[in-house]
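Inspection log for the structure reproduced underneath, given as structure tokens.
Letters A, B, ... are given to chains in the order of the sequence lines, protein chains preceding strands, and every chain is numbered from 1.
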Amino acid sequence: MTTVVFTEKNKAAAQISTILSGGSAKRSIVDGVSVYEFQRDGSLWKIMGLAGHIMGYDYPEEFNNWRDVDPAVLLDTDPVKQINKASFGSAILKISKGADLLVLACDFDREGENIGFEAKSIAEKVCNSTVKRARFSSLSKSEIEKAFNDLVEPDENMAMSAEARQILDLKMGASFTRFVTLSVRERARTKGVLSIGPCQTPTCGFVYERELAIRKFDPRDFWKIEGVFTGKGADITGVHRGGHIYDKEKADAIFKKLKGCKTAVISKKTVKEMNTNPPFPLNTNEFLKRASKYLGVSPDQALEIAEQLYLSGFTSYPRTETNMYADDMDFASILKGFTKGDYQDFALLLLSQKAIVPRNGKKDGHDHPPIHPIKAGSRMEVERAVKMPRAWDVYDLIVRHFIANLLPPAIFEKTRFEITMVDELFDSTGSIQNNAGWLAVYPFEKPQDKILPELDLGEILDVKKVTNIKAQTTPPKRLTEAELLTLMDKHGIGTKATAPSHIETNKKRGYFEVKGKTIAILDTGFTLMDALNSSVSILVKPDIRSSIESLIQDVEDGTKKFELALEEGTSLIKGMYSQLLSNRDLMVTRIAGTITDEAVETDKKNHIGKCSECERVLHIITTDKGRFVGCTGYPQCKNTFPLPKTGALAVQRSRTCKKGGAAVLKVGSKYFWAVGIGPCFSCDMEKECYPPEVVGACPACDGQTFLITTKDSRFLGCTKRCGHTQSVPKNGRLTITDKVCGGCGWRWLRVKEQGKDAKEYCANRKCEVAAQMRSSYRKK
DNA sequence: GCAAGGTC
């Protein structure tokens, strides 16, 4: 009798083999895939680990040419499932031949069930055996043995629900992406793909919604009354209990009443001890959020580093929903590794305790334990094993979080004074950390102590100052990556393993970018979301994911047939598609416009600036007949300006025309030209715009020395034309710096020749400092 | 060249 077992990954196969064989399993390689073999209960067992999905859906070959196939056709075409990891396919065939029992032992979730069925569908080509399912939530000995002693039936509904998701995701993604991309390409020159998907689009939608809120925000004035009081020689600031007062008259009335008042009294005093609990153990989502918030490491990068740390044996498996430890978790043996080095004080403290108790969360994904260190490593060891920037920081975060979770709460003493002035109340609060607890090992969250003076109830205070401050409400802030991950998690967008990839997709498509820790939407992303929002608003919201999710949940529950769910899902997508189709023109015009504008703006050589007649962009257009400045809004916008016929044009970014020209261009090396106005030398404001570049007082008269640039030379001359001249270096770019020479009071020159370091020295050749500097450069 | 989901 032969039993063949499939697990989701090699690690599980190895672990399960060890448990079921009592350590006697032998590993062999079949087509590059590890297989563990052993005898058990008089039967031969072969256990093979897959690599997640080994099959995937795609459209048949003849649908691959975007231009030949109407995207709508994809909605009526069924994609086909194919093996996309060939070595696994052939290995399954080899080991399954003649098997008497197949056991699917992938992760106990929807995708796991589906992955098991992928292996089953391949194996069944060469054997006709019973198929069973082993269900376990952890790789512990007791659970694995129990699962293999109580094999159950595979859950076809569960597997098929994942199947439905794959098909619907692909149908929607492929048809919408092709439709939008091809439509926009009719009007804008771009090679880029404008993708749409049930996870990536709502992810961008969150960023878009926040951007809308920021743009729509209308600031409101408010007034805030504050008092500064003195008691026992110390100052104490109180804020009027009215907080933000939006009514100016009301604020003025209170302020007027308090004016001239000399004393106030402490009318209430409370001192409370407050605990701040340590954080829950890290699941993937929480880990990614904290890596972004504390370290500024992107979720994508953080997951990759955690993966490498895991493969190097430093930390546990990084993809888990669970934020609570199992009862038999052995904290002590992990902590023993940390009794030397950076964390030794904390490790020793915990090991000296009778019991080590984590502060557990409530999420149990029945998958893997929370992310925690497996072995201790020094910075050098970690960096040698994981060659990625910030690897150590990520490891340090995981270790500190692990230890923090086991330490006692931080204790604060929070003091609150109520101060009464006439009959108006002010509040003042402060807190002092009495016991750092877990915060001692967790420098990422450092609460600030605010110490209040020791005052008693009934104490009379002198009023030092009362202010009525006008302020304005501030717009909402841009989302951080950590906040975006929270939103995605809350709305069920993506999974623990895929959330970072949806963020990456949006970055790659040029929909948004990350600036520091916050996410800024880009024009393409905003216009696309805006267009979708006004035609198929469900796409921009998390609803699209949840409506597909509820369909496939019904399949999993057995309340809806797979075929019916596909049909309903497809018609849902078709409905959205036709809405998109009916808004095509508007959508295309707007997106194509934005893409053109963006392309023009990044074409620095020809980009002039914003159009004065419309919302679009001016740029230099060169045709075989000549050149001129035109607008991207053409033909609706006919705003144009002439340009000189000859001479190389260079847009002067730092110069603006005082007469209101659209931009200033340098023509050849000869003269300047203001777009819309004409050559600067014919302008009556030329002297103001191009004042002489003075370097210092003329040594021969009371004039000033300035830089004179002609067609073929440059030198220093006098503003009073007294005849005094000096030479300047012939080669290189010359700038007059702000630096003033200590020797003669002239300005310093900066000379930068191509391929050489810039030199800086005093402009005055007769100055001693300059002579010294020049000779020192020569020596070099 | 399109999606999202596993894992390496």
Side-chain angles (χ1 to χ4, degrees), chain A residues 6-13 32-34 49-61 63-69 71-75 77 79 81 84-85 87-88 106-119 159 161-183 185 190-204 284 303-304 306-312 317-320 367-368 488 492-506 508-509 539 544-545 548-549 552 569 573 577:
Chain A
F6 297 108
T7 68
E8 190 151 324
K9 48 192 159 280
N10 178 54
K11 192 192 165 216
V33 182
S34 295
L50 307 171
H53 286 285
I54 54 171
M55 300 177 92
Y57 274 98
D58 212 342
Y59 282 100
E61 181 84 41
F63 295 89
N64 281 349
N65 190 321
W66 291 27
R67 296 233 161 252
D68 294 346
V69 181
V73 170
L74 300 177
L75 297 172
T77 307
K81 199 166 195 185
N84 53 22
K85 282 176 187 139
S87 57
F88 285 93
C106 296
D107 292 358
F108 180 26
D109 55 28
R110 190 186 279 161
E111 295 300 328
E113 200 71 30
N114 187 273
I115 292 164
F117 270 70
E118 288 175 7
S161 72
E163 209 76 2
R165 178 203 53 76
Q166 292 172 29
I167 296 171
L168 292 173
D169 283 353
L170 179 61
K171 275 196 172 184
M172 178 187 152
S175 59
F176 284 38
T177 299
R178 289 192 196 182
F179 173 74
V180 176
T181 304
L182 293 175
S183 305
R185 277 190 202 165
T190 167
K191 284 185 200 148
V193 168
L194 291 163
S195 66
I196 285 173
C199 285
Q200 56 172 275
T201 304
T203 299
C204 193
T284 307
L303 192 57
E304 180 59 31
E307 174 79 29
Q308 295 300 323
L309 287 170
Y310 157 68
L311 291 172
S312 322
Y317 189 71
R319 283 176 281 270
T320 175
D367 43 8
H368 300 272
M488 292 171 74
I493 303 294
T495 67
K496 58 188 188 260
T498 62
S501 79
H502 300 312
I503 297 180
E504 284 308 302
T505 304
N506 279 291
K508 192 174 107 195
R509 297 283 183 232
L539 264 177
I544 176 62
R545 184 87 225 148
I548 293 179
E549 174 63 29
I552 63 175
I573 297 169
Y577 191 88

Task: Sugar-phosphate only, base, or nothing, as touched by A/Pro71 at under 4.0 Å among non-hydrogen atoms - done: nothing
Task: Side chain of A/Arg545 - closest among B/dA4, B/dT7, B/dC2 - done: B/dA4
Open item on the list: Just the rounded figure in Å: distance from C1' of B/dA3 to NE2 of A/His502.
Closed with: 9 Å
Open item on the list: From C-beta outward on A/Trp66, which listed nucleotide comes closest to its side chain: B/dA4, B/dG1, B/dA3?
Closed with: B/dG1
Open item on the list: Expressed as a whole number of angstroms, how long is the span from A/Ile544:CD1 to B/dA4:C1'?
Closed with: 13 Å
Open item on the list: If we count only N and O atoms by modelled type, under 3.5 Å, do the side chains of A/Arg110 and A/Ser161 hold a donor and an acceptor together?
Closed with: yes
TODO: From the options A/Tyr577, A/Tyr59, A/Phe179, select the one residue that forms a side-chain contact (heavy atoms from CB on, under 4.5 Å) with A/Leu74.
DONE: A/Tyr59
Task: A/Asn10 (side chain) and B/dC8 (base): donor-acceptor pair under 3.5 Å - done: no
Open item on the list: Quick check on DNA chain B: between A/Gly52 and A/Gly173, whose nearest nucleotide comes earlier from the 5' end?
Closed with: A/Gly173
Task: Sidechain N-carboxylate O distance under 4.0 Å for A/Asp169, A/Arg545 - done: yes
TODO: Tell me what A/Gln166 touches on the nucleic acid: a base, only sugar-phosphate, or nothing, going by heavy atoms under 4.0 Å.
DONE: base
Task: A/Ser501 side-chain N/O to B/dG5 phosphate OP1/OP2 under 4.0 Å - done: no
Open item on the list: Measure CG/A/Leu194 against C1'/B/dA3 and give the value in whole Å, please.
Closed with: 15 Å
Task: Between C1' of B/dT7 and CG of A/Leu309, the distance in whole Å - done: 17 Å
TODO: Identify whether any heavy atom of A/Tyr310 sits under 4.0 Å from a base atom; if not, whether one sits that close to sugar-phosphate; answer base, sugar-phosphate or nothing.
DONE: nothing
- [ ] Report the residue (A/Asn65 or A/Asp107) whose heavy-atom-nearest nucleotide on DNA chain B is the more 5′ of the two.
- [x] A/Asn65
TODO: Would you indicate what A/Tyr57 reaches in the nucleic acid, counting non-hydrogen atoms under 4.0 angstrom: base, sugar-phosphate, or nothing?
DONE: base
- [ ] Specify the separation, in whole Å, of atom CD of A/Glu8 and atom P of B/dT7.
- [x] 5 Å
TODO: Compare side-chain N and O positions of A/Thr498 against OP1 and OP2 of B/dG5 and report whether any pair is under 4.0 Å apart.
DONE: yes
Task: A/Arg110 side chain near B/dG5 phosphate (N/O to OP1/OP2, under 4.0 Å) - done: no
Open item on the list: For a quick check of understanding: with a heavy-atom distance under 4.0 Å over all strands, which category does A/Leu311 fall into, base, sugar-phosphate or nothing?
Closed with: sugar-phosphate
Open item on the list: Side chain of A/Thr181 only, heavy atoms from C-beta on: which candidate in B/dC8, B/dG1, B/dA4 is closest?
Closed with: B/dG1
Open item on the list: For a quick check of understanding: with a heavy-atom distance under 4.0 Å over all strands, which category does A/Leu168 fall into, base, sugar-phosphate or nothing?
Closed with: nothing
Open item on the list: Salt bridge or not between A/Glu118 and A/Lys81? Use side-chain N to carboxylate O under 4.0 Å.
Closed with: yes
TODO: Remember a base hit wins even if backbone is also touched, and classify A/Gly56 as base, sugar-phosphate or nothing at under 4.0 Å, heavy atoms.
DONE: nothing
Open item on the list: In whole Å, I'd like the distance from the CD1 atom of A/Ile54 to the C1' atom of B/dA4.
Closed with: 17 Å
TODO: Could you tell me whether A/Lys9 and A/Asp107 have a side-chain N and a carboxylate O separated by less than 4.0 Å?
DONE: yes
Task: B/dT7 OP1/OP2 closer than 4.0 Å to side-chain N/O of A/Arg319 - done: yes
- [ ] Write down the distance between CD (A/Glu304) and P (B/dT7), rounded to a whole number of angstrom.
- [x] 14 Å
- [ ] If the plane angle is over 60° it's perpendicular, under 30° parallel, otherwise tilted; pick one for A/Tyr317 and A/Tyr310.
- [x] perpendicular
Task: A/Asp169, nearest nucleotide to its side chain (from B/dC2, B/dC8, B/dA4) - done: B/dA4
TODO: Could you tell me the separation between the NE2 atom of A/His53 and the P atom of B/dT7, rounded to a whole number of Å?
DONE: 9 Å
